[in-house]
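If you're wondering where the values come from, they're calculated on a predicted model, not measured in any experiment. Ligands are counted one by one from 1 in listed order, and the atoms in each one are counted from 1 as well.
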Amino acid sequence: MPNQNKPKPYEPAEPSLLAAEAPSALFPIASEATPASTLSEVRDEIGDCRRCKLCSTRKNIVFGTGNPHAALMFVGEAPGADEDAQGQPFVGRAGQLLTKMIEAMGLSRETVYIANIIKCRPPENRNPQPDEIAACSPFLLKQIEAIRPKVICALGTFSAQTLLETQQKISALRGKFHDYHGVKLLPTFHPAYLLRNPNEKKTVWEDLKKIMEELKKG
Ligand code: URA
């Protein structure tokens, strides 16, 4: 990440930054009639998932990792080879860059939550297909309900377009807050794109600073 314009890291231990405090009334996905499941209940419901064809090629289901009460959640596309092997999201080269981005924000992988639109690796890292997204996305929604983050950062075109149900380009979507079921969602470029286009790191840093400002509002 570039050093210039790097604000003083604010206190990452401040509880309001680490755990979302939005009252459930402000979070319209779950209701009092159908309260949100906990993350472990969502994981149990997924089980040894056979709901789509990716189950026949995956090694591991990549559920997501981090703070179950995170104020900030990152959502990527799908596990790659490293993630499939380890069962953890964003642990390959793009993941190492994501970790640096999170740390530059004064946070850590343990204080945020990281997940993907789909939980099993598509063969040859092809794009996830509509039936796979349809089978898997209800579980991401349940994870978001359980975590109730203040801000979701959608990483890359696929995540942003899927969550916002739009075909607009990432260049048009990024850097602005959008509404996702009552949660502020800010798309930015995917770390894998940044590995190929390092000159865009400064753009992403501007986006991350907007998220930091939003989190500071408490
Ligand atoms: N790219 C993603 O979108 N997700 C991962 O978990 C790893 C790479």
How about T203 and E200: does a side-chain donor come under 3.5 Å of a side-chain acceptor?
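Present: a donor and an acceptor within the cut-off.
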Does any donor atom in the side chain of R109 or T99 lie under 3.5 Å from an acceptor atom in the other side chain?
yes
Set of residues that line ligand 1, where lining means a heavy atom lies under 4.0 Å from it:
G76, E77, A78, E83, P89, F90, N116, H190
How long is the span from the [atom1] atom in [X] to the [atom2] atom in [Y], to the nearest 0.5 Å?
X	Y	atom1	atom2	result
E214	L72	CD	CG	11.0 Å
I114	E83	CD1	CD	10.5 Å
T65	F74	OG1	CZ	11.5 Å

Please tell me if the side chains of M101 and L208 come closer than 4.5 Å, counting only heavy atoms from C-beta onward.
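Yes. Closest side-chain heavy atoms under 4.5 Å.
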